[in-house]
Amino acid sequence: MRFDREYFLRDALEVGPEILGHYLIRKINDRTVKTMITEVEAYVGPEDKGAHTYKNKRTARTEPMFSEGGHAYVYLIYGMYNCINIVCQRKGKPEALLLRAVEPLNEFDLLFDNRSPVKNIHNLSNGPGKLCSALGIDRTFSGYDLISGKELYLEKNENRKDIEVVCSKRIGIDYAEEYKDKLWRFYIKNNKFISKK
DNA sequence: TCTACGATTTACT
DNA sequence: GTAAATCGTAGAA
């Protein structure tokens, strides 16, 4: 079952803990790769000094952040890794959830191929750059609709039980001054597929 | 044009 | 533990 648009037309800080445990699906040719979202970080532009959309900075790159919730915002970081966000809020309000880790549920051989020479399953997708590499997600997916998309989309986990969510500081934004210590990183307690640090 | 650097990962000492 | 890899993007010149 797919998500309704409305689900993502809310604060990223509200959607963040709720989206954990649901699925991110990637179709590649005839294969359907299923993963479970285990870790996210909220970015709340324009107030958030850690966000690309701080002060409503609007450029060709960040444009999808200003689109309607449920779309993807993918950017290249450090010249070599892609990171994917789920855009939240209504059109014009730039909030998003950075997917930092997912748990692979099937098609492991395909994921290992994309992440070669990685040998340990726990190292396949426990990081924002890693999961994009494993799932073959690049900037061509920026602006993609994750609600109605065919090759990449979100799906509800109908059996999702109450999940214990841990809040912590976000990673890799030491320049964000008072915003670097906000507890806007959410992950599933005791899950093995988490980017540590 | 030109320059500096990043919401990271990996390989090395 | 430290540092290299690597390039699009943003802002300045």
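Letters go in sequence order (proteins before strands), and every chain restarts at 1. Small disclaimer: the values here were computed from a predicted structure and weren't measured.
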> What residue pairs, at least two apart or across chains, pass salt bridge (Lys or Arg N to Asp or Glu O under 4.0 Å) with a residue in residues 132-149 of chain A?
Replying inline: A:R5-A:D145
>> Please give the distance between the P atoms of C:dT6 and B:dC2 as a whole number of Å.
In response: 23 Å
> What are the residues of residues 41-65 of chain A, sorted by number, that bring a heavy atom to within less than 4.0 Å of DNA chain C?
Replying inline: A:K57, A:T59, A:R61
> Between A:E39 and A:S195, does any side-chain donor sit less than 3.5 Å from a side-chain acceptor?
Replying inline: yes
> Rounded to the Å, how far apart are A:L131 CG and B:dT8 P?
Replying inline: 12 Å
> Is the shortest distance from a Lys or Arg side-chain nitrogen in A:E155 or A:R2 to a carboxylate oxygen in the other one below 4.0 Å?
Replying inline: no
>> I want to check a possible cation-pi pair here: A:R10 against A:Y7, using under 6.0 Å from ring centre and within 45° of the ring axis as the test.
In response: yes
> Taking DNA chain B as the partner, which of residues 84-92 of chain A come within under 4.0 angstrom of it by heavy atom?
Replying inline: A:N85
> So, is A:R185 close to the B:dA7 phosphate, meaning a side-chain N or O under 4.0 Å from OP1 or OP2?
Replying inline: no
> Between residues 73-80 of chain A and DNA chain C, which residues have a heavy-atom gap below 4.0 Å?
Replying inline: A:L76, A:Y78, A:G79, A:M80
Throw together a table of side-chain donor-acceptor distances under 3.5 angstrom for residues 65-77 of chain A, partners on residues two or more places apart or in other chains.
residue	atom	partner	partner atom	Å
A:S67	OG	A:P64	O	2.6
A:H71	ND1	A:E68	O	2.7
A:Y73	OH	A:H52	ND1	2.8

> Under a 4.5 Å cut-off applied to non-hydrogen side-chain atoms, are A:V40 and A:L20 in contact?
Replying inline: yes
>> Applying a 3.5 angstrom cut-off to the pairing atoms, does DNA chain B sit in any stems of at least three consecutive Watson-Crick or G-U pairs? List them by first number.
In response: B:1-6 with C:7-12, B:8-12 with C:1-5
Pairs under 3.5 angstrom, nitrogen or oxygen only, protein versus nucleotides 10-13 of chain B, please.
residue	atom	partner	partner atom	Å
B:dT10	OP1	A:R115	NH1	2.6
B:dT10	OP1	A:R115	NH2	3.2

> Nucleotide range of DNA chain C contacted by chain A, 5' to 3', under 4.0 Å to a heavy atom?
Replying inline: C:dA5 to C:dG11
> Can you name the salt bridge (charged side-chain N to carboxylate O under 4.0 Å, His left out) partners of A:E164, sequence neighbours left out?
Replying inline: A:K189
> Quick check: are there more than 12 heavy atoms from other residues, nucleotides or ligands sitting under 6.0 Å from CZ of A:R90?
Replying inline: no
> Hey, does A:L24 have a side-chain heavy atom less than 4.5 Å from the side chain of A:L152?
Replying inline: yes
>> My understanding is that only residues two or more places apart in sequence, or in another chain, count here; which of them pass salt bridge (charged side-chain N to carboxylate O under 4.0 Å, His left out) with A:E177?
In response: A:K49
> Is any side-chain N of the basic residue among A:E41 and A:R100 closer than 4.0 Å to the acidic one's carboxylate O?
Replying inline: yes
>> Measuring only the C1' atom in each nucleotide, how far is C:dG1 from B:dA7? A whole number of Å is fine.
In response: 24 Å
> Is any side-chain heavy atom of A:I28 less than 4.5 Å from a side-chain heavy atom of A:L135?
Replying inline: no
>> My understanding is that a hydrophobic cluster links ILVMFWY residues whose side chain heavy atoms are under 4.5 Å apart, including indirect links. Using that, what else belongs to the cluster containing A:Y187?
In response: A:V166, A:I194
>> Are more than 12 heavy atoms, taken from residues, nucleotides or ligands other than A:K27, located less than 6.0 Å from that residue's NZ atom?
In response: no
>> My understanding is that only residues two or more places apart in sequence, or in another chain, count here; which of them pass salt bridge (charged side-chain N to carboxylate O under 4.0 Å, His left out) with A:D181?
In response: A:K169
> Under 4.5 Å between any side-chain heavy atoms of A:T35 and A:S125, yes or no?
Replying inline: no
> If you measure only the distance, is there a donor-acceptor pair under 3.5 Å linking the side chains of A:D48 and A:Y43?
Replying inline: no
> Under 4.0 angstrom, heavy atoms only, what part of the nucleic acid is A:R139 near: base, sugar-phosphate, or nothing?
Replying inline: sugar-phosphate
>> I'd like to know if the side chain of A:N157 reaches the main chain of A:G21, judged simply by a donor and an acceptor atom lying under 3.5 Å from each other, with no hydrogens or angles considered.
In response: yes
